[in-house]
Amino acid sequence: MIGEDTVLTEEEEAYLADAITTLETEVFVDGLGHDHFRALDENNGSREEWQKYVSRMGDAGFNAISVPEEHGGPGGTITETVLAEQAIGYCGNIVHACQTSLTQHVGRTMYEHGNQHIKEAYLEPMAAGDLVVAQAYTEPRSGTDLAHLETNAEKDGDEWVINGEKRFIDFAPYADFYFTPVRTSGEDGDREGVSIIVVDRDTDGIELLQDQSDWHGFRGTGASWMRFDEVRVPEENLVGNEGEAWSYITDELNLEHLTVARYCLGASQQALEIAANYTANREVNEQPVSRYQAVNHKVAEMVTKLDGAYLLNTRAARIMDNRGVSAGRMESAMAKWLGNELAHEIADTCIQIMGGVGTTTSYPVEQTQRDVRAGRFMGGATEVMKSVVQHDAYKQLLDEEFDAELVGNEREGLPWLNEDEQPTQIADE
């Protein structure tokens, strides 16, 4: 935060500071520094670089943070999880934060619902930094509406046979395994019958059909359109119970809402710091640009909103720490909606107050603006978050004593007042 943070404990503030130091001195160095960032933005990443990255993150204890130590994680909190994601967005690129975010929510799902095989073969190596993960959710004809996914899996002896297509799958060329929702029973649109299966990348029948990584921003993940053609997977690679993954997915997304928003906010804070320093040192008419009210008022607005977004995010993380990742769905949606819209607003405003140089690659602000744009739909679009908020907000706002019979008939009385509080005369004479 820019102002004093009265919500985080001293230990949590130290955790964030230590995370930034570790990332700057141990992770984003020796081949994973500035040149690597630029290469990712030009879609010139490699499997070796991503293997190196996840390995360093595992050594630092940043993968699968809320997973207990007995299953390979650091045994941390959801609050520490979002603080680490903020630090990654601030120090690196948000594509780095995205890969680590996958270990957080995929890892949590594996821990809560995976069998011993899932935990030993995938969760623990992923937490250690030995495996790169991809989440194969989006399909050509379904995205947010996962109940309409068309990829299916049928049981054949002791194997699952998977057929279907996925698209916009980040890290598809680099991943060691795909965390894959499929339909195992039920009809199209049913929430029942959705399952999750872990698929190894080198399994026969997996084909990457199209490189989709040349996006407006958020480059470097190797996003791909992929096909599963008679892909055979051992039955033990099913996560949890067959056909019951809908609740696993919604819980996972609840956590992902916080991580996506937090790392985009971290990236936007770095952009804000750069813009503030630039405007304090760039002179126009013999005075710093920062002395002009049109500029410094924008900075004031951005730091105030940024602190508010951090506080909302931390509140939702606290709720999950206290009651589990299925809790605080409205608060998580609030944090996602405000956080991701604000991150883009901040980055874009930073370019505006810096002027033309802000659009050049001399500063990373223009890349941040392009990158955080994706956060407005990743893990659930802003419009979906608003729908979640309104649904739960109405439950909180509606009052049983509000007299609906007086709506449209206010001459007889005011529906928001009880009988004793009504005006003595409200109807026409």
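Here, residue 1 is the first one in the sequence, and each next residue gets the next number.
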> Given side chains that start at C-beta, do those of Thr221 and Cys98 come closer than 4.5 Å, heavy atoms only?
Replying inline: no

> Counting N and O atoms only, with roles assigned by atom type, does the side chain of Asn237 sit under 3.5 Å from a partner on the main chain of Val198, one being a donor and the other an acceptor?
Replying inline: yes

>> I need the Thr22 OG1 to Phe62 CZ distance, nearest 0.5 Å.
In response: 5.0 Å

> Backbone N or O of Asp200 within a donor-acceptor pair of the Thr203 side chain at under 3.5 Å?
Replying inline: yes

>> Looking at Ser332 and Gly328, would you say the former's side chain and the latter's main chain have a donor-acceptor pair under 3.5 Å?
In response: no

> Looking at side-chain heavy atoms only, is the closest gap between Asn340 and Val372 below 4.5 Å?
Replying inline: no

>> Apply salt bridge (Lys or Arg N to Asp or Glu O under 4.0 Å) to residues Arg329 and Asp251 and explain how you reach the verdict.
In response: CA-CA 9 Å; Arg329 213 169 291 280; Asp251 288 352; 3.2 Å; yes

> Regarding Asn313 and Arg262, is there a side-chain donor-to-acceptor distance under 3.5 Å anywhere?
Replying inline: yes

>> Run Thr184 and Ser195 through side-chain hydrogen bond (donor to acceptor under 3.5 Å, both in side chains) and show every step you take.
In response: CA-CA 6 Å; Thr184 53; Ser195 302; 2.7 Å; yes

>> Taking atom NZ as the centre, does Lys298 end up with more than 12 heavy-atom neighbours from other residues, nucleotides or ligands that are less than 6.0 angstrom away?
In response: no

>> Under 3.5 Å, is there a donor on one side chain and an acceptor on the other for Ser66 and Arg108?
In response: yes

>> Under a 3.5 Å cutoff, is there a donor and acceptor pairing between the side chains of Arg219 and Gln367?
In response: no

> Is it true that atom NE2 of His148 has more than 12 heavy atoms of other residues, nucleotides or ligands lying nearer than 6.0 Å?
Replying inline: yes

> Around atom CG of Asp399, are there more than 12 heavy atoms of other residues, nucleotides or ligands at under 6.0 Å?
Replying inline: yes

> Is there a donor-acceptor pair closer than 3.5 Å between any side-chain N or O of Asp307 and the backbone N or O of Met1?
Replying inline: no

>> How long is the straight-line distance from CD of Glu150 back to OG of Ser142, given to the nearest 0.5 Å?
In response: 6.5 Å

>> Using only atom types and a distance under 3.5 Å, with no angle test, would you say the side chain of Glu165 pairs donor to acceptor with the backbone of Phe228?
In response: no

> Does CD in Glu10 sit with more than 12 non-hydrogen atoms of other residues, nucleotides or ligands closer than 6.0 Å?
Replying inline: no

>> Nearest 0.5 angstrom please: Met226 CE to Thr151 OG1, how far?
In response: 9.5 Å

>> Checking Tyr248 against Glu112 for the side-chain hydrogen bond (donor to acceptor under 3.5 Å, both in side chains) test, could you report, in this order, the C-alpha distance in whole Å, the side-chain angles of both residues, the deciding distance, and whether it holds?
In response: CA-CA 9 Å; Tyr248 311 164; Glu112 292 192 347; over 6 Å; no

> Is there a donor-acceptor contact under 3.5 Å from the side chain of Asp130 to the main chain of Met126?
Replying inline: no

> Should we count CD of Glu283 as having more than 12 external heavy atoms under 6.0 Å?
Replying inline: yes

> Is a donor on one side and an acceptor on the other found under 3.5 Å between the side chain of Thr21 and the backbone of Ala17?
Replying inline: yes

>> Would you say Tyr15 and Thr79 are linked by a side-chain donor-acceptor pair, where the criterion is simply a distance under 3.5 Å?
In response: no

> Taking atom types as modelled and ignoring hydrogens, do the side chains of Ser101 and Thr259 form a donor-acceptor contact shorter than 3.5 angstrom?
Replying inline: yes

> Would Phe37 and Phe28 satisfy ring pair (Phe, Tyr, Trp, His ring centres under 6.0 Å), going step by step from the backbone distance to the final call?
Replying inline: CA-CA 9 Å; Phe37 296 172; Phe28 296 120; 5.4 Å; yes

> Are side-chain N/O atoms of Glu252 and Thr109 paired as donor and acceptor at under 3.5 Å?
Replying inline: yes

> More than 12 foreign heavy atoms under 6.0 Å from CD of Glu401: is that the case here?
Replying inline: no

> Going by distance alone, is a donor N or O of one side chain under 3.5 Å from an acceptor N or O of the other, for Tyr122 and Asp176?
Replying inline: no

> Is it the case that more than 12 heavy atoms not belonging to Gln293 sit under 6.0 Å from its CD atom?
Replying inline: no

>> Tell me whether the count of non-hydrogen atoms from other residues, nucleotides or ligands lying under 6.0 Å of CZ in Arg291 goes above 12.
In response: no

>> Less than 4.0 angstrom from a charged side-chain N to a carboxylate O is my criterion; do Glu331 and Arg315 meet it?
In response: no

> Going through the checks in order, is the salt bridge (Lys or Arg N to Asp or Glu O under 4.0 Å) test met by Glu48 and Lys52?
Replying inline: CA-CA 6 Å; Glu48 291 72 26; Lys52 182 187 295 186; over 6 Å; no

> Going through the checks in order, is the side-chain hydrogen bond (donor to acceptor under 3.5 Å, both in side chains) test met by Gln269 and Tyr310?
Replying inline: CA-CA 11 Å; Gln269 182 175 337; Tyr310 277 146; 2.7 Å; yes

> Does Arg201 use its side chain to pair, donor to acceptor, with the backbone of Pro173 at less than 3.5 Å?
Replying inline: yes

>> Evaluate Thr279 against Tyr292 for side chain to side chain contact (heavy atoms under 4.5 Å, CB included), listing each step before the verdict.
In response: CA-CA 10 Å; Thr279 57; Tyr292 290 93; over 6 Å; no

> So, does Arg318 use its side chain to make a donor-acceptor pair with the main chain of Val7 at under 3.5 Å?
Replying inline: yes

>> Is there a salt bridge (Lys or Arg N to Asp or Glu O under 4.0 Å) between Lys305 and Glu345? Walk through the geometry before answering.
In response: CA-CA 10 Å; Lys305 292 178 181 179; Glu345 177 188 339; 2.9 Å; yes

> Where do His36 and His96 land on the ring pair (Phe, Tyr, Trp, His ring centres under 6.0 Å) test, with the steps shown first?
Replying inline: CA-CA 11 Å; His36 166 66; His96 296 110; 5.1 Å; yes

> Distance-only, no hydrogens or angles: does the Lys119 side chain make a donor-acceptor pair with backbone N or O of Glu124 under 3.5 Å?
Replying inline: no

>> Go through it in stages, so that I can follow the logic: the residues are Arg38 and Asp41, the test is salt bridge (Lys or Arg N to Asp or Glu O under 4.0 Å), and I'd like the CA-CA distance, side-chain angles, deciding distance and then a yes or no.
In response: CA-CA 5 Å; Arg38 296 307 307 171; Asp41 193 46; 3.7 Å; yes

> Which of these passes ring-ring contact (aromatic ring centres under 6.0 Å, His included) with Phe168: Trp215, Tyr137, Trp225?
Replying inline: Trp215

>> Checking side-chain polar atoms at under 3.5 Å, does Gln51 have a donor or acceptor matched by the opposite partner on Tyr174?
In response: no

> What distance do Phe179 atom CZ and Ile169 atom CD1 have between them, rounded to the nearest 0.5 Å?
Replying inline: 13.0 Å

> Given side chains that start at C-beta, do those of Asn254 and Ser326 come closer than 4.5 Å, heavy atoms only?
Replying inline: no

>> Nearest 0.5 Å, please: how far is OG1 in Thr368 from CD1 in Ile274?
In response: 7.0 Å

>> Could you measure the distance from the CZ atom of Arg227 to the CZ atom of Arg167? Nearest 0.5 Å is fine.
In response: 14.5 Å

